[in-house]
Amino acid sequence: MNFLAPLFLFGALAVALPVFFHLIRRTAREKLPFSSLMFLMPTPPRVTKRSRLENLFLLLLRCLVLCLLALGFARPYLQKPVSARLEPGRQIKRIILVDTSASMRRDQLWPEARAKAEEFLRKSSPADSVALLAFDRQVRPLVSFDQWSSLAENERVPLALQRLAEITPGWASTHLGNALTRAAEMLEDNKSDAQSQQVLRQIVLITDLQDGSRLEGLQGYEWPRGLELIIEPLKAKRPTNAGLQLVTEREDWDQAADAPLPRLRVSNSADSKREQFQIGWVRPGDKGFSGAPVAVYVPPGQSRIVPAPKPPPDLPAEQLALTGDDHDFDNTVHVVPPKAEVIQVLYLGADSEKDAAQPLYYLKRAFQQTRRQNVQILSPSASTPPGQTNGPEARLMIVTDALPEDRLKEVQQGLAGGKTVFFALKDLPVAQTLSRLIGTNNLPVEEAAIANYSMLGEIDFQHPLFAPFADPRFSDFTKIHFWKHRRLDVDGIPGARVLARFDNRDAALVHIPAGKGAVLVLTSGWHPADSQLALSSKFVPLLYSILEQSGAIKTQLAQYNVGDAVTFHTESPGPARPLIIRKPDGSQVQPTPPDRFSETDLPGIYSVTSAPAPFRLAVNLAPEESKTTPLTLEELERLGLPLKHAAAAKPQLSEKRRQHLLAAELENQQKLWRWLMVAAALLLLLETVLAGWLSRRQPAPTLSL
Amino acid sequence: MEVDLTQTIPTPSAGQVSRPNTAQSGHLIDPQALMAIKNLEMRAKVVVEGFWNGLHRSPYHGFSVEFSEYRQYVPGDDPRYLDWRLYARSDRYYIKKFEDETNLRCHLLVDNSRSMGYGSLPYTKAHYANTLAATFAYFLYLQGDAVGLLTFDEQIREYLPARHRTGHLRHLMLALEKPAGGGATDLAAPLKRIVEMVNKRGLMLLISDLLAPLETLEKNLLSLTASGHEVLLFHLLDPAELNFRFDKAVLFHDLESDRDLYIDPAAARKEYLKKLTAHNARAQFTCQKLGIGYHRLATDRPLELALFDFLRERSKRGRKIR
């Protein structure tokens with residue numbers, strides 16, 4: 001048995017005290033009556049030849065307690081003839097996770113990471129199994145366990161080093177939680193029951209441990225037993241880092257078309273040493289600002305939102321930069337001004353847009369132009385031939401009057417092509433058109449008899465059309481009065497689904513599938529003669545909901561983060577002309593599938609040139625990557641990570657110190673001192689009980705007179 | 001240094017009382033056996049008769065062997081007391097005047113303090129003192145002397161004036177048999193009070209352990225002797241008090257002050273004996289200085305020897321023993 005603090009063993013010498021006290025013990029209760037003490041003086045207790053030990057068992061207990069206490073404080077442990085490598089035959093299964101996120105571009109972090117990875121690779125024994133993974137937003141295996149095992153011993157490390165040399169830090173953000181859980185699952189997957197007790201499973205994490213690392217998935221994660229996580233943190237020598245981000249277009253897309261220049265967020269990391277920075281427009285490829293920069297003051301750990309300066313007139317307003325910090329990987333923002341999307345809606349009705357008593361008047365005013373959308377109501381006149389105004393962009397057709405045959409065919413073709421018809425049944429003659437559209441004959445429609453007005457009583461908020469109104473704040477439609485409506489027998493219409501009913505149970509809004517498209521029938525009109533719908537606050541959002549359901553709204557975002565997938569709403573011209581995306585480095589990519597592009601691995605401007613309407617995208621660094629202040633190990637421990645400090649990773653430790661650390665770890669595992677303390681406590685309890693019993697057992701003294 | 005408290009007895013001469021002949025009387029009564037007699041008067045009788053047997057004298061002979069003086073015969077005197085030898089010499093009739101016609105008043109002053117309640121033997125010093133006092137009382141009563149009793153601790157507890165009447169001895173025995181009050185030892189107040197109470201000169205037999213400061217002893221005894229009393233002091237001590245042969249370190253409990261002291265006898269004995277010897281020596285010196293007879297007794301000493309000491313002391317002072 002060895003001891004971590006052997007000096008405490010000297011405390012065992014204290015057993016001499018109870019021995020001494022037992023020798024000089026006065027039996028305080030034993031009294032001897034005597035006539036007079038006038039000739040006597042009190043004498044101190046002393047140990048003489050006649051002194052003898054009393055209550056030997058009690059003395060033994062007390063001595064034992066002292067010995068156990070001294071032993072416990074000396075922190076004993078049983079030396080096992082093993083090292084960190086454990087018994088011969090027990091192998092290590094190790095995953096080396098190397099951070100390749102954008103923040104690793106700072107200083108010499110990447111070379112340090114490679115060096116540490118190489119160190120762990122080289123110290124693996126032939127029996128060990130190693131996998132090398134790189135991670136940022138995703139996890140990429142560089143060398144798998146199978147590949148490692150399949151290679152000869154002398155080929156493993158060179159292969160891993162080669163794979164490591166082929167990669168460099170990218171521009172993606174850090175999803176640390178995902179990487180760790182993935183690595184843990186890989187170790188669990190490779191575990192076999194027979195060998196689990198003999199294999200030490202390790203994850204070696206080489207990262208800058210930045211504060212912006214995403215840690216989702218780690219909270220409450222149940223780590224496999226016996227798994228160790230060794231963290232090799234990398235620290236930049238220069239801590240000052242400020243990041244530049246564009247305040248996203250989603251946050252200001254309600255602004256009017258002539259809104260001022262974009263706003264920028266400047267964030268300063270908590271461990272920065274500087275607070276003054278400059279931002280300005282730059283010409284791509286140039287160093288230095290074009291035009292006058294703007295000074296920004298941001299204290300460490302805080303952020304500020306500032307408007308971008310006005311770009312020089314001859315400069316395309318595409319790139320903003322920040323100067324004044326130590327690392328420039330997050331100092332550039334690419335900007336693509338949003339373009340208003342043109343949405344066409346075909347209105348087929350005989351009314352004039354200037355007539356306030358007719359539906360078109362209100363329809364025109366419901367759709368206002370914004371920075372994001374420009375809804376155009378196409379209202380062909382009777383003389384306009386069909387098809388001339390019915391472009392492929394008009395996904396929604398609104399019918400409020402009976403249609404002539406040619407217009408009817410146009411609408412039917414549209415339905416067959418998957419378009420949507422919003423049919424306002426504002427009078428009975430229109431019902432014939434409806435019957436023709438949905439393919440039924442003599443659709444039973446009659447004017448409903450209403451006493452004063454009717455209201456919308458039942459609404460299917462589960463349908464996507466009314467889903468935006470599901471919130472209790474917006475779900476009250478009872479304030480909209482309908483003076484007139486038509487009673488439509490829905491039961492005879494195959495596939496019809498009533499989305500809303502009046503309070504007399506008559507159908508108010510019915511969805512009828514027709515071909516690839518659909519017909520939305522409103523059994524009333526929204527103009528003042530029929531209802532207050534056009535005048536209510538729900539009219540515009542209802543129209544936009546119908547527009548969205550018809551697929552007419554295809555907002556194409558212009559700002560993305562590195563690694564985000566881009567969904568294209570632009571239709572490919574055809575198989576012969578697929579969409580081609582030009583990346584910032586000049587390479588061209590054809591997305592597969594055609595409407596989804598995920599190779600946004602570089603920050604910059606991406607151009608989609610082959611679309612009918614070419615457009616551009618801006619891809620920037622994720623804002624979290626600018627949070628470069630290192631996480632503390634305590635924060636990771638709070639997440640329940642099975643951390644282990646790698647003593648072997650510090651070769652500069654002296655052998656003595658290393659042995660002490662190993663001994664401390666061994667003692668910490670065995671915790672023999674706890675058992676000694678428990679034994680001492682139990683013996684103390686026994687001694688107390690016994691001493692009390694003995695003192696009660698002594699006879700009371702009697703005086704003889 | 002071991003103190004030998006057994007005093008040497010001088011060779012008997014005329015007028016002196018010889019030590020009881022132990023060889024002829026068998027043995028002295030063992031005090032433990034004597035104390036087994038519950039009745040105090042019986043104990044006193046046993047001692048006195050034992051003492052006389054040793055002296056080959058009948059204790060019931062109430063006539064003086066020697067007379068101190070003559071007086072002329074007057075009609076009416078008992079003709080049995082005519083001295084015929086003197087008539088033969090003088091041709092005149094003379095009556096012998098016996099010692100018993102000399103009115104001796106004796107007061108027994110018995111210490112009844114708490115310290116007297118100590119005893120390492122089966123009986124305490126108080127038992128021994130009471131027995132001793134009863135023995136003296138019985139003896140003196142037989143001699144025709146008037147005997148009184150005064151018991152005290154720090155004050156007088158019991159007082160019987162000196163009488164020689166029928167029943168008085170019984171009262172005296174009863175008073176001696178009463179249990180002690182249990183106060184501290186203080187001779188000053190009782191002795192002062194005795195001087196005030198007893199006017200006529202007589203004999204004062206003081207029986208005490210003297211376990212009290214002796215600073216005022218001389219003054220108090222002086223007041224007695226100055227009043228004309230003859231004082232004999234019997235200093236009683238238990239053998240354990242004399243030898244202090246205890247083997248165990250324990251808490252010693254003071255009977256008078258109720259104090260407790262942890263004493264290791266082995267360590268304390270030497271000093272104790274030194275102080276005790278000095279105390280006893282001082283008491284003896286004080287008595288000698290005042291002409292008071294001083295006798296130190298251990299309670300394991302046969303009471304006959306105390307009686308002998310008493311008689312010898314008396315004879316030294318010229319008193320005739322009948």
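All values derive from a computational prediction rather than experimental measurement.
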Heavy atoms only: give me the nearest A/Ser35-B/Lys125 pair and the separation to one decimal. CB-NZ, 3.9 Å
In Å, rounded to the nearest 0.5 Å, how long is the span from NZ of A/Lys31 to CG of B/Asp260? 3.5 Å
Whatever's closer than 4.5 Å to a heavy atom in chain A on B/Phe244 counts as side chain
Working to the nearest 0.5 Å, report the span between CG of A/Leu40 and CG of B/Leu276. 9.5 Å
Which residue, B/His253, B/Glu256, B/Glu241, forms the side chain to side chain contact (heavy atoms under 4.5 Å, CB included) with A/Phe34? B/Glu241
What are the two closest non-hydrogen atoms of B/Ile263 and A/Pro42, and how far apart are they? CD1-CA, 3.9 Å
Minimum heavy-atom distance between B/Asp254 and A/Leu37, given as atom pair plus value: OD2-N, 3.1 Å
Testing the basics here: between B/Leu211 and A/Ser36, what is the closest heavy-atom pair and its distance to 0.1 Å? CD1-CB, 4.0 Å
Proximal component of B/Ala278, with respect to chain A [non-hydrogen, under 4.5 Å]: neither
B/Tyr159 OH: over 12 foreign heavy atoms closer than 6.0 Å: yes
NZ of A/Lys671: more than 12 outside heavy atoms within 6.0 angstrom? yes
Which atoms form the tightest heavy-atom contact between B/Lys275 and A/Phe39, and what is the distance? CD-O, 3.6 Å
